[in-house]
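Input: a single structure, listed below in structure tokens.
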Amino acid sequence: MNSIEDINLSKRDFLKYTTSLLSATVLPFSYQSALAKENWDAIVIGGGTAGLPAAIFAAQRGLKVLIIEKASILGGTLFLSTGQISGAGTVFQERKGIKDTPDQHFDDIMRINNGTSDPILTRTLVDHAGPTINWLEKNGYTIFENHPVKKIAHDPFRTARYQQGPMGGISILNVLKPIVDSEINKGSITVLLETSANDLIQSNNGEITGVIVENNKGDILEYKGHNIILASGGCASNPLLYEELHDVPLYCQMAYPQSQGAGLILGQSVGGYLRGGEKYSPLYGMVLADNKAPSTPFAVAKNVIERMPWEILVNSKGNRFVQEDHESIDHIEHVIGDQPSHRHWAILDQAMLSQMPDMFYDWKNQRIIDESGKQNMFQKADNIRELALKTGLHPLNLESTIERYNNNLTNNKRDEFDREHRPLPINSGPYYSIRMSGWSLCSFAGLGINENFEVIKSSGEPIKNLYAIGEVIGFGATSGNAYVNGMGVTPALTYGRLLGQNISST
Ligand SMILES: Cc1cc2nc3c(=O)[nH]c(=O)nc-3n(C[C@H](O)[C@H](O)[C@H](O)COP(=O)(O)OP(=O)(O)OC[C@H]3O[C@@H](n4cnc5c(N)ncnc54)[C@H](O)[C@@H]3O)c2cc1C
């Protein structure tokens, strides 16, 4: 019998609650317990980037879907993400006469990450990313006028296939939300907000048969069903787990607050295994608010893809360590990853500050001068020795580093690191140092899955009825040990779509 009728409420009343779920209404407990009597065709843990398309496509095929969402609103990381996605053969490319194929997309990804993403998952992604983006477009998704482009902030593709909506991740959410609403209205999707999946139910033969949740009042409930889908995101808001899995502290917290790694732990608890933490690579140029780990962002420097550097970079010993104008930001970021605590200091002088393009996103260079001595990461001094002492760098090393840089430049000699873009020597005080840190917004480690998105044991054997999509499978699985354009959001959406299209109700 329909459990809603069980508790003597009309379908209309039920719809009143469910349709307002997206504006953060939590179902009354009586409804929650009624829903626990149903047998769901699919239970999606996490209503974010990957979970929403999975729910939509399953519901549109007639499956009865339950979304369990810890936050008070659906959307997950789409609220924060810049929403840059990539795919070959999209209508956006066609409109600009850009010829592209999944094979070219595959080659570009594997070139940029040196073949370190999962080849089978990458192949699935490139074959289906274009159609996923075209599906978004059919449902109202638009992109910036000048997109698709080859690059934004990460190593470039050879073909313009990088596309972004004007509102970032929200542009994508704005497409997904009305479709979810419509499926809620039809009764094919039900959402439990402010409800945390805390455990999986596993039968004696190892099959996953349901989920144990805790609602916002602390009530524990069990929901039973086939096709339990872990789509609860990564662990980049959980410093302890992050460090344990990546062997690197979480220097900066930028991820969605609910990215606590719940799915990683749930998957492991029933026999799944974690992989990919070793693929961690830091991003460039984060000025932290303070010395805590994790800290919060204070300013982010534009990298070589966005701006040619005038400053030099030194490590904690006061030595240069990389060709600052290297054409690959991925190369620079990996070398930053080899430096103590992934710290890198920009050293520059007044003449550079007055003439160079703005160094930080959303800042004029004047702000660097204003922050110096005020915000701990920015220091200013009349000579290099004093600057080194204020900054905590080795004074003699820093002096000789700058002397060699200047000598080579003024004598027209080759730079020690083969740097070519050397507009000015560092010889016109006052001098400035800016301490920057490596950072990341994603977790590279995640659950092992097979080509059908089934969670697997380390032996490769699938755990029946348990699937994982999105960052819970690890950013490293799809992006490898590099930040390849769009390889977080695109696989989350694409695998969600594919899984929703393929799971069966029995
Ligand atoms: C600031 C930022 C910018 C980014 N920009 C880009 C970009 O431009 N391009 C790109 O490709 N990638 C980008 N990424 C990465 C990308 O956004 C993510 O990898 C991707 O969105 C993750 O999708 P997901 O579905 O796995 O997780 P989410 O979208 O976070 O969804 C997970 C959902 O699960 C819920 N949840 C968590 N735990 C539980 C639980 N126990 N029970 C129930 N629900 C739970 C969460 O509340 C959330 O709603 C960015 C990331 C960040 C943080």
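In listed order, ligands and their atoms are each counted from 1. Hydrogens, waters and symmetry mates are skipped; everything else that's a heavy atom, side chains included, is used.
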Taking [atom] as the reference point, the nearest protein heavy atom with its distance:
atom: atom 27 (O) of ligand 1; value: G233 CA, 3.4 Å
atom: atom 42 (N) of ligand 1; value: A197 N, 2.9 Å
atom: atom 9 (N) of ligand 1; value: Q84 O, 2.9 Å
atom: atom 31 (O) of ligand 1; value: G48 CA, 3.4 Å
atom: atom 6 (C) of ligand 1; value: S81 OG, 3.4 Å
atom: atom 19 (O) of ligand 1; value: E471 OE1, 2.6 Å
atom: atom 44 (N) of ligand 1; value: K70 N, 3.1 Å

Side-chain ion pair, [X] and [Y], N-O less than 4.0 Å:
X: K364; Y: D358; answer: yes
X: D107; Y: R158; answer: no
X: D290; Y: K292; answer: yes

Check your understanding: ring pair (Phe, Tyr, Trp, His ring centres under 6.0 Å) with H326: which residues, sequence neighbours excluded?
Key -> H331
Looking at non-hydrogen atoms alone, which of [options] comes nearest to [atom]?
atom: atom 33 (C) of ligand 1; options: A231, G496, G446; answer: A231
atom: atom 25 (O) of ligand 1; options: G261, G470, A50; answer: A50
atom: atom 23 (O) of ligand 1; options: I67, T49, L173, I45; answer: T49
atom: atom 50 (C) of ligand 1; options: L74, I469, L441; answer: L441

**Study point:** Qualifying salt bridge (charged side-chain N to carboxylate O under 4.0 Å, His left out) pairs with a residue from residues 114-140, counting only residues at least two apart or across chains
**Key:** R95-E137, D103-R123, D118-R275, R123-D127
Classify the side-chain pair [X]/[Y] by whether it contains a donor and acceptor separated by less than 3.5 Å.
X: N303; Y: Y284; result: no
X: S259; Y: E471; result: no
X: D155; Y: S328; result: yes

Point to revise | 4.0 Å heavy-atom contact, Y256 with ligand 1 | key: yes
Hey, is [X] touching ligand 1 through its side chain, its backbone, both or neither, going by heavy atoms under 4.0 Å?
X: M254; answer: backbone
X: A262; answer: side chain
X: C442; answer: side chain
X: M487; answer: backbone
X: I85; answer: neither

